[in-house]
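What follows is a set of notes on a single structure, which appears directly below.
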Protein chains: 2
Amino acid sequence: MLKAERHKYIMTKLVEEQKVVTTDLALALDLSEDTIRRDLNELDSKKLLEKVYGGAVQVTEKSADVFNITISDEEEKIKIVTKALSLLRDDQVIIMSGGSTNLVFAKLIPADLKATIYTYSLPIAMQLSQHPNIDLIFIGGKMQKNAMVTIGMDVIQVVSKIKADICFIGASSINVKQGLTEIGYEISIVKKAMIEASDRVVSMFSSDKLNTKMPHVVCDLKQLDTIVTNLDPEDASLEEYRKSGVFIL
Amino acid sequence: MLKAERHKYIMTKLVEEQKVVTTDLALALDLSEDTIRRDLNELDSKKLLEKVYGGAVQVTEKSADVFNITISDEEEKIKIVTKALSLLRDDQVIIMSGGSTNLVFAKLIPADLKATIYTYSLPIAMQLSQHPNIDLIFIGGKMQKNAMVTIGMDVIQVVSKIKADICFIGASSINVKQGLTEIGYEISIVKKAMIEASDRVVSMFSSDKLNTKMPHVVCDLKQLDTIVTNLDPEDASLEEYRKSGVFIL
DNA sequence: CGAATTACTGCAATAGTTTGCATGTTTTAA
DNA sequence: TTAAAACATGCAAACTATTGCAGTAATTCG
């Protein structure tokens, strides 16, 4: 029996019964449970079903409401950004890129902080727009749909005229050799401009971004002043990053 | 029975009956109360319900969420904007101001409409950012907090360079003598610029805005091409507006 | 063709999860 | 205040997952 065949069988069964059980499938298809589990994991990664302990269930379609932003691993991200809150001072000029980690950060910025914040991310601007003491400037331009950020020359032009004390920059990928890299060219050049415009560059990301790479280089590790992760700063996996001289929070 | 299955059952039951009782669930699902309690605690930590002594209740709506925008009289506004949908054509360049009526309008723009839309309202940009065929340009600048729109010279500068086919402009107040008026000076000048930039000016509002005034004049009634209200175009209270020559939808 | 590479499957050892029960504590309500 | 009900915690048994490995099948490429 072909793997594709099995997958079809599993999906059919799933629709019929709202769930599938690993052991039942192994029995029905006369295969080891290991194989079934591998199938289920594969289908899960394709988002065709949701693997759960003991089997799999149908994917629950989350509401199509644009304003209902779900943040994955929010708990983890809260831990990361909480550390970064110590970098904030009154009267700073701040630039923030997009990304869900930065969004969580925006949520947790203390209500009494007085600062000027530039951003080109719609969700972050929405979040900060309710902050009583922050002067918020949105950097306009053409919207990149899914990411809900503006991109392009308009953004670069505005950013390059800013003189910021600090910028908080999301990371798609980071590694010791290439530094910060991005999947999209446009985002990478906007981030370059942000870094140019800021005295201090901070990047926050979870450890699964470590030692990965994307096509477009943003900057060297050296150009980052501080990185903030969910790991302990002394963690072994940060060893090489420590050596490069970047401050780890 | 899979744990994930149970959780779905519990959540369904919770929606149906507004509450669940530990002992009842244990009986219904033929499991120990301990297991049910663990389930409820788990769902609680995911914020899907609130665990209470003896069972669990639905989570109370959190209103402090910036992204949870409530639109008053949404039904009424849907009626208004639905009429205005007929003004849309493929390949138009459109400017939209802020306001909840325009937000409802944005929601109802057909998915197959190809157009370029400029806006300076965060919620409207969020809404339109998911639209597959719209080129969206956000007009940046300093954010006005509560309204979630950008204002000021940056906005004026961009708007004055646009050549738009049509603009959809919210209204705070309108009357036959002064025309369109606004409570804030900054908003009024942005709207003036929008009108300048557009071949055709459309204003949508509910009838309670009729015959009211605010301090800052936006434009004459004559400068509006079309107004869209919840009233029948032939309604008596629109008599004087009809006379002024504006088209009423 | 045939050697090398790649993909698939089952097994075994290890690791992690779930569940009910026993125990002791906390909460509720008469 | 007190007794019953609900709860939290630790534990053991059963169950489920992951990982590396080895054997086999399928595919690729010279």
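In what follows, every heavy atom counts, from backbone to side chain, and hydrogens, waters and symmetry copies are set aside. Order of the sequence lines fixes the chain letters, A, B, ..., with proteins taken first and strands second; residue numbering starts at 1 for each chain.
Taking five base pairs at each end of the helix from C:dC1-D:dG30 to C:dA30-D:dT1 and finding the rotation axis that steps the C1' atoms of four pairs onto the next four gives two axes whose angle is 40°, to the nearest 10°.
The NE2-C1' distance, from B:His7 to C:dT18, rounds to 11 Å in whole Å. The interatomic distance linking B:Arg6 (CZ) with C:dT18 (C1') rounds to 8 Å, in whole Å.
Considering B:Thr116, B:Leu88, B:Ile134 as possible partners of B:Ile94, the one that fulfils the side-chain contact (heavy atoms from CB on, under 4.5 Å) test is B:Leu88.
Applying the ring pair (Phe, Tyr, Trp, His ring centres under 6.0 Å) criterion to A:Tyr185, with sequence neighbours excluded, gives A:His216. Taking A:Asn175 as the reference, A:Gln178 meet the side-chain hydrogen bond (donor to acceptor under 3.5 Å, both in side chains) condition, with sequence neighbours excluded.
Judged purely by atom type and a 3.5 angstrom limit, A:Lys3 has no side-chain atom pairing as donor or acceptor with the backbone of A:His7. Put simply, the side chain of A:Asp225 never gets that close to the backbone of A:Val246: no donor and acceptor are under 3.5 Å apart. A:Ser198 contributes a side-chain N or O that, together with a main-chain N or O of A:Met194, makes up a donor-acceptor pair within less than 3.5 Å.
Protein chain B contacts DNA chain D from D:dA5 to D:dG10, reading 5' to 3' and using non-hydrogen atoms of the protein with a distance under 4.0 Å.
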List the atom pairs, with distances to 0.1 Å, where a side-chain N or O of residues 118-128 of chain A and a protein N or O form a donor-acceptor pair under 3.5 Å, not counting sequence neighbours.
from: A:Thr119; atom 1: OG1; to: A:Met96; atom 2: O; distance (Å): 3.0
from: A:Thr119; atom 1: OG1; to: A:Ser121; atom 2: N; distance (Å): 3.2
from: A:Ser121; atom 1: OG; to: A:Ile124; atom 2: N; distance (Å): 3.3

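Of the residues in residues 31-58 of chain A, those placing a heavy atom less than 4.0 Å from an atom of DNA chain D are A:Asp34, A:Arg37, A:Asn41, A:Lys51, A:Val52, A:Tyr53, A:Gly54, A:Gly55, in numerical order.
A salt bridge is defined here as a Lys NZ or Arg NE, NH1 or NH2 lying under 4.0 Å from an Asp or Glu carboxylate O, and A:Arg6 with A:Asp39 meets this definition.
Considering only heavy atoms from C-beta on, A:Asp73 stays 4.5 Å or farther from A:Ser206 through its side chain.
Distance check: B:Leu25 CG to B:Leu40 CG gives 6.5 Å after rounding to the nearest 0.5 Å.
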